[in-house]
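Working notes for the structure below.
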Amino acid sequence: MKIASWNVNSIKARLANVVDWLKQAEPDVVCLQEIKTVDETFPSEAFEDLGYNVAVHGQKAYNGVALLSKRPLEDVRRGLPGDRQDDQARFIDALIPTDRAPVRVASLYLPNGNPRDSEKFPYKLKWMDRLIAHAKSLLEQEEEFVLAGDYNVIPTSDDVYDAKAWADDALFVYETRAKFYTLSHLGLTDAFRVRHAEPHLYTFWDYQRGAWPKDHGLRIDHLLLSPQATDRLGDCDVDAYVRGWQKPSDHVPIWCVLDE
DNA sequence: ATGCCGGGCGAAGCCCGA
């Protein structure tokens with residue numbers, strides 16, 4: 001089962017790209033972020049025509065996440081537990097049956113957190129605390145799971161083109177990375193790093209300053225796997241080529257295969 | 001790294017992203 005994650009930066013603006021990529025990549029499950037639209041205007045038909053079931057947790061103009069799956073999407077849950085005041089659409093998960101154990105797949109869009117002296121930074125850290133608590137409860141329930149999405153976290157200096165330039169950014173400061181390590185140290189595996197040890201491989205390149213041709217990127221989209229999912233991990237890679245297409249997202253898909 | 005690009009909203013120019 002091939003599971004992919006992609007921050008598309010507006011599903012309406014990116015629909016043609018997403019459909020073209022789906023036809024080539026043929027993922028079984030897709031986690032989308034920054035769809036930037038409400039559930040009612042999400043272009044579900046385009047994906048249903050390709051054989052996908054669709055679950056959406058949308059929001060007008062900002063954020064918004066969705067799941068596409070060729071297998072059934074069961075027990076769909078919208079929103080990250082832990083803060084009833086939080087109305088930003090940044091989390092959806094569902095249980096997906098497979099030939100082996102069912103896998104719970106989450107599509108998450110972790111807050112950016114900049115500027116660091118604004119209320120956005122503590123919101124990011126609190127959101128990460130809630131994600132840690134959610135992962136703990138999934139582990140306690142012994143569900144096999146994949147937490148996929150745009151984490152807005154640069155895990156190490158190997159994951160950024162210029163670590164010094166990003167030293168004080170909310171994606172890379174110590175508090176952010178410490179939360180990410182707390183999450184992964186629960187026993188989760190950064191699937192990409194199982195298959196790729198070499199530094200300076202990215203999932204995001206800014207639209208500005210010629211970041212793509214200069215390969216000034218960041219690795220901020222991640223697939224974190226539970227222990228049982230890690231036991232099934234096959235290949236894992238980034239489809240960087242779509243960044244070179246016309247009208248690209250600034251992020252590219254990351255995917256992994258869970259053996260069956 | 002300062003939003004220079006790109007999207008939403010809504011019909012110009014501001015908000016937002018990383």
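A note on names: the letters A, B, ... follow the listed sequences, proteins ahead of strands, and every chain is numbered from 1.
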Exam field: side chain A/Glu74 to backbone A/Ile96, donor-acceptor pair closer than 3.5 Å: no
Whether the side chain of A/Arg232 engages the backbone of A/Arg100 through a donor-acceptor N/O pair (distance < 3.5 Å, no angle test) should be reported. no
Whole-Å distance between [N] [atom2] and [X] [atom1]?
| X | N | atom1 | atom2 | result |
| --- | --- | --- | --- | --- |
| A/Asn114 | B/dG3 | CG | P | 11 Å |
| A/Tyr62 | B/dC16 | OH | C1' | 5 Å |
| A/Asp169 | B/dG17 | CG | P | 12 Å |
| A/Asp206 | B/dG3 | CG | C1' | 8 Å |

Checking side-chain polar atoms at under 3.5 Å, does A/Ser5 have a donor or acceptor matched by the opposite partner on A/Gln33?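 Result is yes, a qualifying pair exists.
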Is it true that the side chains of A/His200 and A/Asp215 contain a donor and an acceptor less than 3.5 Å apart?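 Result is no, nothing qualifies.
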Touch class at under 4.0 angstrom, heavy-atom based, for A/Tyr151 against every strand present: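 It contacts nothing in the nucleic acid.
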N/O-N/O pairs, protein side and nucleotides 11-14 of chain B side, under 3.5 Å:
none

Taking the P atom in each of B/dG10 and B/dC15, what is the distance between them to the nearest angstrom?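 Rounded to whole Å, the distance is 14 Å.
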Partners passing salt bridge (charged side-chain N to carboxylate O under 4.0 Å, His left out) against A/Asp83 (at least two apart in sequence or in another chain): none
Position toward the 5' end of DNA chain B (nearest nucleotide), A/His251 or A/Lys36: A/Lys36
Hey, which sits more toward the 5' end of DNA chain B by its nearest nucleotide, A/Asn7 or A/Ile11? A/Ile11
Which nucleotide sits closest to the side chain of [X]: [options]?
| X | options | result |
| --- | --- | --- |
| A/Gln208 | B/dG7, B/dC9, B/dG3 | B/dG3 |
| A/Ala61 | B/dG6, B/dG8, B/dC4 | B/dG8 |
| A/Arg209 | B/dG17, B/dC4, B/dC9 | B/dC4 |

Scan for ring pair (Phe, Tyr, Trp, His ring centres under 6.0 Å) pairs involving residues 236-260 of chain A, sequence neighbours excluded, and state none if there are none.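 Residue pairs with at least one partner in residues 236-260 of chain A: A/Phe204-A/His251, A/Tyr241-A/Trp245.
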Does A/Lys120 have a side-chain nitrogen or oxygen under 4.0 Å from the phosphate oxygens OP1 or OP2 of B/dG17?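 True: A/Lys120 side-chain N/O within range (under 4.0 Å) of B/dG17 OP1/OP2.
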